[in-house]
Amino acid sequence: MYMKNTLRCALIAVAAVAGISQANAQWTGPKKKRDTLIEVKYGSLTPRNRTDADMQAFRSYGLGQFIHWGIYSIAGNEWNGVSARGGAAASEWIRSWGGPTAPKDWTKTYDNLYKQFNPKNFDAKRWAKQAKEMGAKYVIFTTKHHDGFALWPTKYSDYNVSASPYKKDIVKQIVDAYTAEGIDVYLYFSILEWNNPNYMGKAPQTDEEKARFDKFLQYTRNQLLELESNYPKIKGFWFDGTWDASWKSAYQFTYNLEKELREKHPGLIIGSRFRNDEHGSRHFDSNGVILGDYEQGWERKLPAEFEWLNGNDWDAVMTIPPNGWGYMKDWSGIYTKTTDDLLDMLMHSVSMNGNFVLNFGPDGNGNMHPEEDKIAAEIGKWVKENAEAVYGVRHAALTPSKLGYFTQKADQLYLTIFNQPVNGIVRIAVPKNATQVPGSAALLVGGKSLTLKQSDMGIDLDKNTYYDVLLPKDFQPSQAFVIKMKLVAPKAKTTKLMDAKM
């Protein structure tokens with residue numbers, strides 16, 4: 001009644017398509033386990049499910065913010081009236097635009113856009129305040145995208161913010177402002193650099209190619225150590241652009257680089273996208289062990305089942321337009337996710353022990369898109385009222401509900417309802433052998449007590465019993481709402497009924 005499952009089903013329908021390749025199977029279904037293990041020398045460097053304070057904090061975030069910002073924001077997903085829908089590349093990929101629709105000398109034009117980069121309205125404190133009001137607990141900020149333009153004054157490249165009219169260190173302003181608001185900062189860093197003469201997509205073969213790519217590897221190491229040194233308050237890195245054969249061939253170098261980054265920044269959190277093992281396996285080594293501290297493959301997708309995650313920590317990063325990460329001037333004519341869509345995804349994520357990270361793409365002047373401002377305010381209002389069901393919660397081992405999502409904190413069970421039942425009965429399936437069952441129920445907002453009763457439905461071979469929460473007849477919410485239940489020991493065993501003989 002409140003919101004149909006259309007978008008949710010669409011998101012996970014992609015994940016259920018038959019005939020998917022094994023390379024993508026880890027994001028579209030259960031992870032395939034090897035029958036026999038093989039030797040892996042360049043595998044994981046950290047224990048699975050770390051228990052230190054930094055990783056515990058990661059598990060409690062719930063909601064995060066992603067910010068894609070750079071000189072591509074000047075273009076705004078179009079040039080001379082041609083947008084991605086007319087042949088241009090996606091907003092943050094627009095430098096790679098080629099073919100008959102691309103402007104003449106487009107690469108040269110793009111590479112000189114930094115001379116116009118002067119975001120006079122940029123205010124990191126304003127952004128951080130908005131993120132705080134939205135309820136974000138961490139931010140992932142783009143230090144450098146695939147175009148190679150660095151938003152900090154790196155010593156290792158002239159192609160950085162200090163060469164622009166703006167000149168000032170943007171990364172420092174972000175780190176300081178968000179940290180001051182109590183929001184943890186993670187830095188996005190693209191390995192791939194389109195305009196770097198020493199980068200190549202293929203694995204280097206000749207001595208000359210190997211020498212060139214080694215220069216690129218040392219350059220990358222220098223920039224990452226520089227970021228750690230310049231901004232010691234950061235909590236981790238979010239890597240991108242690591243799929244090319246060249247980077248995959250450097251597995252020994254990347255193994256040692258991750259080790260060095262962790263040694264110089266104890267507690268550092270790195271996602272699974274950074275590197276691969278010596279057999280070319282990315283995200284997970286060839287035996288299925290995660291490479292990093294959390295799954296980083298849930299980009300614009302969500303797991304359909306909790307079991308797909310195999311107990312790994314994870315987060316989902318999501319855009320508001322279909323695939324718009326950087327600034328898009330024109331949102332007309334495309335479906336843009338609503339606040340209700342995004343809240344559904346948020347609760348889907350936290351119900352499966354994940355975090356949900358919403359992307360923002362500011363314009364070239366440093367302003368968020370007006371729709372982003374609106375959505376941030378609406379999410380913030382809902383999250384503030386229902387925070388108890390969002391933050392610091394874990395997966396509840398119950399049969400998933402068609403009405404919404406369960407989350408749990410100690411003996412408190414929460415059901416966030418997106419699909420309000422027309423009969424006013426919220427039915428919860430609980431295993432008959434459960435040691436904890438709902439003992440009382442109330443609306444989270446306002447605290448109104450609700451009638452709760454057990455209902456043995458008598459379905460043949462049913463392993464569940466049912467608890468019905470009755471909603472007031474005059475209860476007509478306009479958004480998702482949360483029912484809070486106190487878990488208690490069952491009062492009595494479920495009545496034993498005869499199963500049918502067939």
Side-chain angles (χ1 to χ4, degrees), residues 2-3 7-8 11 55-66 128-140 178 181-184 186 235 294 298 302-303 306 309 313-318 320 337-360 375-398 400-401 403-420 426 428 438 441-447 469 477-487:
Y2 160 68
M3 190 186 85
L7 180 65
R8 187 189 316 164
L11 280 164
M55 203 65 208
Q56 294 285 23
F58 177 91
R59 294 187 186 107
S60 298
Y61 288 146
L63 177 61
Q65 180 188 42
F66 211 143
K129 185 174 185 295
Q130 180 184 60
K132 178 82 168 182
E133 291 173 349
M134 185 179 75
K137 299 297 183 182
Y138 69 125
V139 65
I140 304 167
Y178 277 77
E181 289 287 358
I183 300 172
D184 287 345
Y186 291 68
K235 296 296 182 179
Y294 66 96
W298 298 103
L302 296 167
F306 179 66
L309 298 157
D313 295 302
W314 66 284
D315 68 6
V317 293
M318 188 65 65
I320 298 173
K337 299 173 191 68
T338 67
T339 297
D340 294 328
D341 292 336
L342 297 167
L343 290 174
D344 186 289
M345 295 179 204
L346 165 64
M347 297 312 298
H348 183 141
S349 299
V350 297
S351 76
M352 294 188 180
N353 293 348
N355 299 317
F356 181 73
V357 188
L358 182 61
N359 182 73
F360 289 69
I375 285 171
E378 290 173 350
I379 288 177
K381 182 178 184 297
W382 189 91
V383 168
K384 184 177 181 180
E385 293 175 343
N386 297 281
E388 194 177 330
V390 178
Y391 301 117
V393 293
R394 305 303 287 165
H395 174 73
L398 293 171
S401 173
L403 304 180
Y405 304 101
F406 288 109
T407 52
Q408 185 173 348
K409 190 182 302 177
D411 63 354
Q412 301 296 328
L413 178 68
Y414 307 92
L415 176 56
T416 304
I417 295 178
F418 287 87
N419 303 296
Q420 186 177 345
V426 175
I428 299 164
L443 292 174
L444 181 59
V445 176
V469 179
S478 60
Q479 277 193 298
F481 62 96
V482 180
I483 294 176
K484 177 181 178 179
M485 290 159 276
K486 171 82 170 178
L487 294 174

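One-based numbering along the sequence shown.
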Between Gln65 and Ala131, what is the shortest heavy-atom contact and its length? OE1-CB, 3.4 Å

Going from CE on Met55 to CG on Asp313, what distance comes out if it is rounded to the nearest 0.5 angstrom? 4.0 Å

Just how far is it from atom CD of Gln412 to atom CG of Leu444, taken to the nearest 0.5 Å? 10.0 Å

Measure across Val390 and Val350 and return the closest heavy-atom pair with its distance rounded to 0.1 Å. O-CG1, 3.9 Å

If you measure from CG on Asn353 to CZ on Arg394, what distance do you get to the nearest 0.5 Å? 3.5 Å

Cationic tip of Lys235 within the cone over Tyr138's six-membered ring, i.e. under 6.0 Å and within 45° of the normal? no

For the residue pair Ile483 and Val426, establish whether any side-chain heavy-atom pair is separated by less than 4.5 Å. yes

Taking all non-hydrogen atoms of both residues, which atom of Gly135 and which atom of Tyr391 are closest, and how far apart? O-OH, 2.6 Å

Given side chains that start at C-beta, do those of Leu343 and Ile379 come closer than 4.5 Å, heavy atoms only? yes

Less than 4.5 Å apart, side chain to side chain, heavy atoms only: is that true for His348 and Phe356? no

Checking the side chain of Asn355 only, and the main-chain atoms of Phe58 only, is there a donor and an acceptor separated by less than 3.5 Å? yes

Residue pair Glu385 / Val445: nearest heavy atoms and the distance that separates them: O-CG2, 3.7 Å

Full working for side chain to side chain contact (heavy atoms under 4.5 Å, CB included) between Ile428 and Met485: CA-CA 11 Å; Ile428 299 164; Met485 290 159 276; 3.2 Å; yes

Side-chain heavy atoms of Gln130 within contact of Met134, under 4.5 Å: no

Would you name the heavy atoms of Ser351 and His395 that are closest together and state the gap between them? O-ND1, 2.9 Å

Any chance you could lay out the side chain to side chain contact (heavy atoms under 4.5 Å, CB included) test for Asp411 and Lys486, step after step, and finish with the verdict? CA-CA 6 Å; Asp411 63 354; Lys486 171 82 170 178; 2.6 Å; yes

Under 4.5 Å between any side-chain heavy atoms of Asp315 and Ser349, yes or no? no

Taking atom CD of Glu378 and atom OG1 of Thr338, what is their separation to the nearest 0.5 Å? 8.5 Å

Applying side chain to side chain contact (heavy atoms under 4.5 Å, CB included) to Leu398 and Leu413, what does each step give before you reach the verdict? CA-CA 10 Å; Leu398 293 171; Leu413 178 68; 3.7 Å; yes

Identify the heavy atoms of Leu346 and Gly62 that sit nearest to each other, and give their distance. CD1-O, 3.5 Å

Are any non-hydrogen side-chain atoms of Met347 and Thr407 less than 4.5 angstrom apart? yes

Indicate yes or no: at least one non-hydrogen side-chain atom of Lys132 is less than 4.5 angstrom from one of Ile183. yes

When you compare the side chains of Tyr61 and Asp184, does any donor N or O come within less than 3.5 Å of an acceptor on the partner? yes

Hey, can you tell me if Tyr405 and Phe418 have their rings parallel, tilted or perpendicular (30° and 60° cut-offs)? perpendicular

Would you find more than 12 non-hydrogen atoms of other residues, nucleotides or ligands less than 6.0 Å from Lys409 atom NZ? yes

Contact check, side chains of Leu358 and Ile375, non-hydrogen atoms, under 4.5 Å: yes

Of the options Asn386, Asp340, Thr339, which is the one that meets Gln479 in a side chain to side chain donor-acceptor pair (under 3.5 Å)? Asp340

Nearest 0.5 angstrom please: Gln420 CD to Leu403 CG, how far? 9.5 Å

Is it true that a side-chain atom of Gln408 and a backbone atom of Ala410 form a donor plus acceptor pair closer than 3.5 Å? yes

